[in-house]
Amino acid sequence: MTAITPRPMSGFPELLPEQQIVFNRSLQIIRETFEAFGFAPIETPSVERKEVLTSKGGEEKEIYAISRMQSQPGEVGETEFALHFDLTVPFARYVAQHKDKLTFPFRRYQIQKVWRGERAQKGRYREFYQCDIDVIGRGSVSLFNDSEIPSIIYKIFDRMDIGAFVIRINNRRLLQGFFEAQGVAHGQIADVLRAVDRLDKTSRDTVFADLTKNLGLSEMQASAIMAMTAQSLPTDELLTQLSNGASYGNATYDQGLAELKTVVAGMRSLGVPEANFVIDPSVARGLGYYTGTVYETKLIDHADLGSICSGGRYEDLASFFTSEKLPGVGISIGLSRLMFALLERGVLPTGAQTVAPVLVTSMDPARMDYYLQTAAQLRSNGVGAEVFFDKKGLGDQLKYASKKGFKLALIAGADEFSTNSFKIKDMRTTTECTCLASDVTETVRQLLAE
RNA sequence: GUGCCUUUAGCUCAACGGCAGAGCGCCUGACUGUGGCUCAGGAGGUUGUGGGUUCGAAACCCAUAAGGCACCCCA
């Protein structure tokens, strides 16, 4: 029998237990925060019909189709299904399909893997987690949601303890109205938005050249756009500055500005610290379907990761699936990109290889019943415990406990049995104490609480 | 889809065209009632694959595959 050589698969990363534990902890924070804001969990199948996935102009070569390796002889093993490449398109289908059973405004969160058939590189995978929330309304959806979303982002990253971060906020109407006032042709606004969006990735000269040479704007237009989008001021000063510009006489601009002010006021009511958000007129969110508020979030010490959480407001979620207008606002956290980078950089230190805090050692194989009962008792009191089953010396058992990162080791041999007691060794401090067998659970709890 | 780089032990990497090596990790023992430290020993390789040049190739050439990076785009 020849062994199959295990090899890495590009773009399909995997973690060791001590890393996965850290990853899952972050996942838990995200889930709890979403639920604290009243978002309901849903999950859609990993696959959708091909026509659903391509409805919104999904790049076909980036979509993995699925098929059986072999069907009937001569039959092509193809199906009409493909793996979803994001969670928005399946969600749109879901809402359109179930809209008569859902209650609006519909708030849902969705944490699932998605797949993209791209060439992998740093921070870009072919299989990764997305954590999405969206609020969908029928006909309209309140602007207060736009304030609440940064509050959710703030709570999550604050709890995840991954260093300083800033939520950058902008409003697409503000940009669009400004571009219109500068005389940018209607059909070119999307292109200009895309060019501006690259401001934090490339040099200002490059963007300027892009605007003038590629998009054919005059130097005056380009200068005005650069000056407007490059503004960097404290929130209130910037809002004043933008209000002074209200003399553009453009209704879209004025609406965008008013929305921005409302969103900021709401964020302050929700207690989002000033240090964690900024109005950044250069945030445009590429092309996309965003129409109002847009968000990006960056780690200050890891700006090279790009936006780790972005989203915004859109006019219509499911225009391909229903004629009913379903506007919404939402964000997506690219958890895999974020976590893999932070684990690699040691920002999130890894610890134990187990989530159970207690190892019950077994010095006397004849008394395994006793060890098993003790572990069972710990578990039914909410304390995770593992029993060491193999016949090895105590030294080996403690070595095992040490390597895996158990916090406490329970020891019982002839000495302890004679006094009906247990010895508890704290692996972190190397200290030991002895307690009656009947007090084990309580003593363990106290030690773990320290 | 385009371009560049890389590939030698589980991992990180050495080896002038001339015997395939180190560190870390892993296993065993010192140590059958006490982990991390230390010491001693051990296992582990068709040098990604196929061809070519050469007396001789891990090294040079060609092809191919895989991996990585950048562009594009995005999380």
Side-chain angles (χ1 to χ4, degrees), chain A residues 2-3 5-13 16 30 57-63 84-88 110-132 153 194 197-198 201-202 206 284-288 290 295-299 302 304-311 330-342 344 352 359 361-365 367 388 390-418 422-434:
Chain A
T2 49
T5 309
R7 283 181 301 148
M9 288 173 290
S10 176
F12 293 88
L16 292 170
I30 292 171
E59 288 279 334
E60 287 199 34
K61 61 186 174 186
E62 291 189 1
I63 300 175
H84 58 216
F85 58 88
D86 76 357
L87 299 179
T88 304
Q110 201 171 344
I111 299 174
Q112 288 182 246
K113 277 184 174 175
V114 304
W115 294 268
R116 291 192 191 170
E118 311 175 275
R119 283 187 64 172
Q121 58 182 274
K122 191 203 292 287
R124 178 153 77 171
Y125 305 106
R126 301 203 278 193
E127 174 181 76
F128 57 95
Y129 272 100
Q130 282 196 328
C131 312
D132 281 26
I153 299 173
R194 279 181 70 181
D197 194 47
R198 297 176 54 77
K201 287 173 198 151
T202 59
T206 309
R285 290 274 72 223
L287 64 178
Y290 297 115
Y295 315 96
E296 284 191 357
T297 307
K298 282 196 166 182
L299 294 183
H302 304 276
D304 58 300
L305 292 182
S307 178
I308 56 173
C309 167
S310 32
I331 45 157
S332 176
I333 301 174
L335 190 63
S336 298
R337 166 184 287 185
L338 174 64
M339 293 300 291
F340 286 117
L342 295 182
E344 191 183 311
L359 179 73
T361 62
S362 54
M363 269 204 300
D364 185 353
R367 299 303 307 274
F388 194 95
D390 296 331
K391 200 174 171 182
K392 295 223 170 152
L394 184 60
D396 282 332
Q397 299 195 33
L398 290 175
K399 199 175 197 169
Y400 174 84
S402 180
K403 278 183 81 171
K404 275 213 175 170
F406 286 99
K407 295 185 175 75
L408 303 176
L410 299 196
I411 301 166
D415 296 349
E416 286 75 20
F417 290 130
S418 68
F422 246 115
K423 187 174 274 182
I424 304 176
K425 184 179 179 93
D426 192 320
M427 301 299 292
R428 301 164 293 186
T429 60
T430 78
T431 55
E432 293 182 347
C433 66
T434 304

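Computed from a predicted model, the values in this text were never measured in an experiment. Letters A, B, ... are given to chains in the order of the sequence lines, protein chains preceding strands, and every chain is numbered from 1.
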Using the ring-ring contact (aromatic ring centres under 6.0 Å, His included) criterion, which residues pair with [X]? Sequence neighbours excluded.
X: A:F406; answer: none
X: A:F422; answer: A:Y370
X: A:F128; answer: none

Under a 3.5 Å cut-off on both pairing distances, which runs of 3 or more consecutive Watson-Crick or G-U pairs involve RNA chain B? B:1-7 with B:65-71, B:10-13 with B:21-24, B:26-30 with B:38-42, B:48-52 with B:60-64

Rounded to whole Å, please give me the gap between [atom1] in [X] and [atom2] in [N].
X: A:R367; N: B:rG33; atom1: CZ; atom2: C1'; value: 16 Å
X: A:Q397; N: B:rU32; atom1: CD; atom2: C1'; value: 11 Å
X: A:E127; N: B:rA75; atom1: CD; atom2: P; value: 18 Å
X: A:I111; N: B:rA75; atom1: CD1; atom2: P; value: 17 Å
X: A:E118; N: B:rC74; atom1: CD; atom2: C1'; value: 7 Å
X: A:R194; N: B:rC71; atom1: CZ; atom2: P; value: 15 Å
X: A:R337; N: B:rC74; atom1: CZ; atom2: P; value: 11 Å
X: A:R116; N: B:rC74; atom1: CZ; atom2: P; value: 9 Å

Contacts of [X] that satisfy side chain to side chain contact (heavy atoms under 4.5 Å, CB included) - sequence neighbours left out:
X: A:T429; result: A:D426, A:T431
X: A:D396; result: A:K392
X: A:E416; result: A:A412, A:S421, A:K423

I need the full list of salt bridge (Lys or Arg N to Asp or Glu O under 4.0 Å) pairs touching residues 121-132 of chain A, with sequence neighbours left out, sorted by first then second residue.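 Found A:K113-A:E127, A:E118-A:R124.
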
Does anything in residues 403-415 of chain A form a salt bridge (Lys or Arg N to Asp or Glu O under 4.0 Å)? List the pairs, not counting sequence neighbours. none

Checking A:S307 side chain against A:C309 main chain: does a donor-acceptor pair fall under 3.5 Å? yes

Does any N or O in the side chain of A:R116 come within less than 3.5 Å of the main-chain N or O of A:F85, such that one atom is a donor and the other an acceptor? yes

Indicate, with a heavy-atom threshold strictly under 4.0 Å, whether [X] touches base, sugar-phosphate, or nothing.
X: A:G123; result: base
X: A:A409; result: nothing
X: A:R198; result: sugar-phosphate

With the criterion being N/O to N/O and under 3.5 Å, what pairs connect the protein with nucleotides 5-11 of chain B, and how long is each?
none

Within the sub-3.5 Å range, which N or O atoms of nucleotides 34-36 of chain B have a protein N or O partner, and how far apart are they?
from: B:rU34; atom 1: O2; to: A:K425; atom 2: NZ; distance (Å): 2.9
from: B:rU34; atom 1: O2; to: A:E432; atom 2: OE2; distance (Å): 2.8
from: B:rU34; atom 1: N3; to: A:E432; atom 2: OE2; distance (Å): 2.5
from: B:rU34; atom 1: O4; to: A:K423; atom 2: NZ; distance (Å): 3.0
from: B:rG35; atom 1: N1; to: A:M427; atom 2: O; distance (Å): 2.6
from: B:rG35; atom 1: N2; to: A:S402; atom 2: OG; distance (Å): 3.4
from: B:rG35; atom 1: N2; to: A:M427; atom 2: O; distance (Å): 3.0
from: B:rG35; atom 1: N3; to: A:S402; atom 2: OG; distance (Å): 3.3

Give the minimum heavy-atom separation between [X] and [Y], together with the two atoms involved.
X: A:S10; Y: A:A120; result: OG-CB, 3.5 Å
X: A:D86; Y: A:Q130; result: CA-OE1, 3.6 Å
X: A:Y129; Y: A:I111; result: CD2-CG2, 4.1 Å

[atom1] gap between [N] and [M], integer Å:
N: B:rA57; M: B:rU46; atom1: C1'; result: 14 Å
N: B:rU7; M: B:rA40; atom1: P; result: 33 Å
N: B:rC19; M: B:rA58; atom1: C1'; result: 14 Å
N: B:rC26; M: B:rG36; atom1: P; result: 12 Å
N: B:rG68; M: B:rA15; atom1: P; result: 25 Å
N: B:rG3; M: B:rG21; atom1: C1'; result: 36 Å
N: B:rC61; M: B:rU6; atom1: P; result: 11 Å
N: B:rG50; M: B:rA66; atom1: C1'; result: 15 Å

Which nucleotide in the set B:rG33, B:rA75, B:rA70 lies at the smallest distance from any side-chain heavy atom of A:Q130? B:rA75

Answer yes or no: side-chain N or O of A:E296 and base N or O of B:rA75 forming a donor-acceptor pair under 3.5 Å.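 It does not, because no donor-acceptor pair links the side chain of A:E296 to the base of B:rA75 below 3.5 Å.
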
Closer to the 5' end of RNA chain B via nearest nucleotide, is it A:G413 or A:C309?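 Mapping each residue to its closest nucleotide by heavy atoms, the 5'-most match is A:G413.
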
By nearest-heavy-atom nucleotide on RNA chain B, the more 5' of A:Y125 and A:S10 is A:S10

Check: A:M427 and A:L398 side chains under 4.5 Å, non-hydrogen atoms: yes

Answer whether the closest heavy-atom distance between the side chains of A:I411 and A:M363 falls below 4.5 Å. yes

Tell me, yes or no, whether the heavy-atom count around A:E344 atom CD, taken from other residues, nucleotides or ligands under 6.0 Å, exceeds 12. no

Return the polar atom pairs (N/O with N/O) between nucleotides 1-3 of chain B and the protein under 3.5 Å, or none.
from: B:rU2; atom 1: O4; to: A:R119; atom 2: NH1; distance (Å): 3.2
from: B:rG3; atom 1: O6; to: A:R119; atom 2: NH2; distance (Å): 3.3

